[in-house]
Amino acid sequence: MKAAVLFETRQPLEVADVVVAKPAPREVLIRTRAVGVCRSDLHFVDGTYPHALPAIPGHEAAGVVEAVGSEVRTVKPGDHVVTCLSAFCGHCEFCITGRMFLCVSGETRRGKGEAPRLTLADGGVVNQMLNLSAYAEMMLVHEHACVAIDRDMPLDRAALIGCAVTTGAGAVFNTSDVSPGETVCVVGCGGIGLAAVNAAKIAGAGKIIALDPVPEKRAIAEKLGATHTFDALAEGVVAEVVELSKGGVDHAIEAVGRPQSAATTVSVLRRGGTATILGMMPLSEKVGLSAMDLLSGKKLQGGLMGSNRFPVDIPRLVDFYQRGLLDLDTIIAERVPLDRINHAFDELRKGDATRSVITFDA
């Protein structure tokens, strides 16, 4: 198969021939149909986050099941599926207490003594990234890394649910548990932030305030449900948000991954408000609350992959789209083939567009 391989950080990916193994027990072979280009991949490509190389990035995908190994119970050949990087074992402490997104069990990957799932044509090992490696014509994953969806769902839009929407909407529905009428501020209007804005509207939030320096992104946020938008880098923007929300917002969601945006997220909170950080900041950075913030009952939390229970959440999000509640069409900026993957990353680095999607011929 063809796959976009990262051989060296800060260098373009190379579309190369890769050999994918046959499904072992509990494994599913998926023919990839669409993959979103997410900033999380860019962190690995640019070397901000470490990963063994060579590797195939890509983790926001949808496709069709080609074959399954023995013991697979959840999907079958022909099923349309969305993948999710938060593969889960199903029986560790995190899983059985309902926090499957925190599972780090090695059972969802092949062990050191087993043949690798992915190899180069010369036999060299290709490391699987984030349980998926989706910038490829095929994916070989554990069955607990994918979920079957309605076959009427367009797969180029379904792919976005695998990360951006699961993360952004999950931050609203699961991590923050926004109640009707509460105020929400979303900092950053990329794919994740826009999904959070849309989800806040679905949840019945009162004022939904979106911050982003790009006017076009702010306009999209308004289309998806933002009641007010501001330039995130404008002087005095925090004071404007606090005044507009009469003392600060109930929930602030950071969807960028920069220290400045995290500081803004904390600063716009009201007494007792909660800040949820979604973005992948440089590993050396820290986010904190002041003594006065703590005395004011403010809370700070992470929101890994939207605190998802993806086998349940993803079909529900598909249903939201099919009923016209979740707007995925507006989030997609362009659809490009695999050989334009580096162009898609260049567009992501500029920060002006929303979401590029890599599509494969049926």
Side-chain angles (χ1 to χ4, degrees), residues 165 167-279 281 287-303 306-307 325-327 330-331 354:
V165 179
T167 301
V172 172
F173 298 143
N174 302 328
T175 315
S176 300
D177 192 18
V178 174
S179 296
E182 289 187 319
T183 50
V184 176
C185 179
V186 178
V187 183
C189 295
I192 292 173
L194 291 172
V197 168
N198 199 169
K201 178 183 178 181
I202 295 171
K207 290 184 175 67
I208 303 172
I209 305 165
L211 309 183
D212 197 281
V214 181
E216 292 79 7
K217 288 186 176 181
R218 296 199 297 271
I220 294 173
E222 290 173 3
K223 183 177 180 180
L224 294 179
T227 58
H228 303 80
T229 60
F230 297 97
D231 183 343
L233 302 181
E235 185 176 351
V237 66
V238 169
E240 287 191 79
V241 172
V242 170
E243 181 180 4
L244 175 66
S245 55
K246 295 181 170 54
V249 299
D250 296 295
H251 301 280
I253 297 171
E254 194 277 344
V256 183
R258 295 193 178 98
Q260 181 180 354
S261 60
T264 298
T265 303
V266 170
S267 298
V268 297
L269 291 178
R270 70 187 310 145
R271 291 173 62 85
T274 300
T276 302
I277 308 299
L278 303 180
M281 287 186 288
V287 183
L289 296 174
S290 69
M292 184 55 70
D293 289 333
L294 295 172
L295 289 171
S296 300
K298 297 180 182 180
K299 297 179 263 318
L300 175 65
Q301 62 183 352
S307 307
L325 299 173
L326 183 66
D327 183 353
T330 299
I331 296 177
T354 49

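In what follows, residues are counted from 1 in the order of the sequence shown. Computed from heavy atoms alone, side chains included, the values below leave out hydrogens, waters and symmetry copies. Note that this is a predicted model, so its numbers are computed, not measured.
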*Do T175 and T276 have a side chain donor and acceptor closer than 3.5 Å?*
no
*Do you know which two heavy atoms are closest between I192 and A255, and how far apart they sit?*
CG2-CB, 3.9 Å
*Ignoring hydrogens and geometry, is there a side-chain-to-backbone donor-acceptor pair from T274 to H251 under 3.5 Å?*
no
*asked:* If you define the side chain from C-beta out and look only at heavy atoms, does anything of L269 sit under 4.5 Å from D293?
replied: no
*Are K298 and S290 side-chain neighbours, meaning at least one heavy-atom pair lies under 4.5 Å?*
no
*Could you tell me whether the side chain of D212 and the main chain of C189 form a donor-acceptor pair under 3.5 Å?*
yes
*Are any of the side-chain heavy atoms of L194 and K217 separated by less than 4.5 Å?*
no
*So, for G193 and V186, which heavy atoms are closest and what is the spacing to 0.1 Å?*
O-CG1, 3.5 Å
*asked:* Looking at S261, is its backbone amide N or carbonyl O close enough to the side chain of T265 to form a donor-acceptor pair, meaning the two atoms are under 3.5 Å apart?
replied: yes
Determine all donor-acceptor pairs shorter than 3.5 Å in which one atom belongs to a side chain in residues 197-210; sequence neighbours excluded.
unit_1 : atom_1 : unit_2 : atom_2 : d
N198   : OD1    : D327   : N      : 2.8
N198   : ND2    : L325   : O      : 3.3

*For a side-chain contact (heavy atoms from CB on, under 4.5 Å) with I277, tell me which candidate from V256, L300, I253 qualifies.*
L300
*Would you say the side chain of V287 lies within less than 4.5 Å of the side chain of E254, judging by non-hydrogen atoms?*
no
For residues 240-249, please give each side-chain donor-acceptor pair under 3.5 Å, one per line with the distance, not counting sequence neighbours.
unit_1 : atom_1 : unit_2 : atom_2 : d
S245   : OG     : V241   : O      : 2.7
S245   : OG     : V242   : O      : 3.4
S245   : OG     : G248   : N      : 3.1
S245   : OG     : G248   : O      : 3.3

_Flag side-chain contact, heavy atom, 4.5 Å: D231 against V237_ = no
_Determine whether a donor-acceptor pair (N or O, by modelled atom type, separation under 3.5 Å) exists between the side chain of T183 and the backbone of D250._
yes
*Are side-chain heavy atoms of V187 and C185 found at a separation under 4.5 Å?*
yes
